[in-house]
Structure formats: C-alpha cells, structure tokens
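Notes to accompany the following structure.
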Amino acid sequence: MLIIYGAGAEGQRALEDIGRENVFCVVDQKKRGAMDGCPVYSLAELSVPDKDDVLFLITPRRYRHEIADDLRQAGYHHFCLYTHVSGGVHRKR
C-alpha cells in the first residue's frame, strides 16, 4: 500500500507522477479533505490492516527526519524520500 506523506506542492506532484489510482491516501498532519480526488488523513486517523505492508513516500524534504521519527513511533518502518527533481525515490530506513 503506497501512501504519500505531505499534501503540499511536492505531494501533489508525487500524486500526479505516480497516479492517484496507485496511491491509497495522503497523510498530512494539518490538512484535511481531499487532494485531487485522493483522501487526506492525519497519521493518527490512518487505519491499515498491516503496517508492514505500507510504504510512505515523504515529500517535505525539510522535515524528513522529524517525519521519519513520527512514522517509526507510530509503528511504520517502510518509507522513502520522494524527489521529483531526480524523478525517483531514495529509500530510507
């Protein structure tokens, strides 16, 4: 299950690049509602059957370490930094 973390401009680019049909939802701690037809939740609201089945694409580069810490504390272990400029992702553990 692919989840974008960040509902800003980079999150929107990631959603467009990957295609919203391939993304389960967007997680953002402040924004609520929908982003280009993709639901937006806070991390606390997110309910998934198996946390090991989830891959987060982190789009706000500036806060990537804090976000990674939040994801670890919430029990998620698979995430990578999405970089639109290079057209790919960098895996983070």
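All values below come from the heavy atoms of this structure, side chains included, with hydrogens, waters and symmetry mates left out. Note that the structure is a prediction, hence the values are computed from the model and not measured. When a residue number appears, it is its place in the shown sequence, counting from 1.
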To the closest 0.5 Å, what do you measure between CD (E10) and OH (Y5)? 16.0 Å
Check whether Q12 reaches the backbone of M35 with its side chain - one donor and one acceptor, N or O, closer than 3.5 Å. no
Working to the nearest 0.5 angstrom, can you tell me the gap between L81 CG and R61 CZ? 5.0 Å
First locate atom CZ of R64, then atom CD of E66, and finally report the distance between them rounded to the nearest 0.5 Å. 9.0 Å
Closest non-hydrogen atoms of G6 and D28, given as atom of the first, atom of the second and distance, are CA-OD1, 3.8 Å
Measuring from atom CZ of R20 to atom SG of C25, what distance do you get when rounded to the nearest 0.5 angstrom? 14.5 Å
State, yes or no, whether a side-chain contact exists between K51 and H77 at a heavy-atom distance under 4.5 Å. no
Heavy-atom closest pair (N22 atom, L2 atom, distance to 0.1 Å) is O-CB, 3.6 Å
Considering only heavy atoms from C-beta outward, does the side chain of F79 approach that of I67 to under 4.5 Å? no
Within the 4.5 Å heavy-atom criterion, are L57 and V23 side-chain neighbours or not? no
Summary of ring pair (Phe, Tyr, Trp, His ring centres under 6.0 Å) pairs that have at least one residue in residues 9-39, sequence neighbours excluded: none
Is there any ring pair (Phe, Tyr, Trp, His ring centres under 6.0 Å) pair reaching into residues 37-56, and which pairs are they, with sequence neighbours excluded? F56-Y76
Do you know the tightest heavy-atom contact between A74 and L43? CB-CD2, 3.9 Å
If you look at every heavy atom in C38 and L15, which pair is closest and at what distance? CB-CD2, 3.9 Å
Below 4.5 Å, heavy atoms only, C-beta onward: do H78 and V54 meet side chain to side chain? no
Does the side chain to side chain contact (heavy atoms under 4.5 Å, CB included) test come out yes or no for I4 and T59, once each step is laid out? CA-CA 7 Å; I4 293 173; T59 62; 3.8 Å; yes
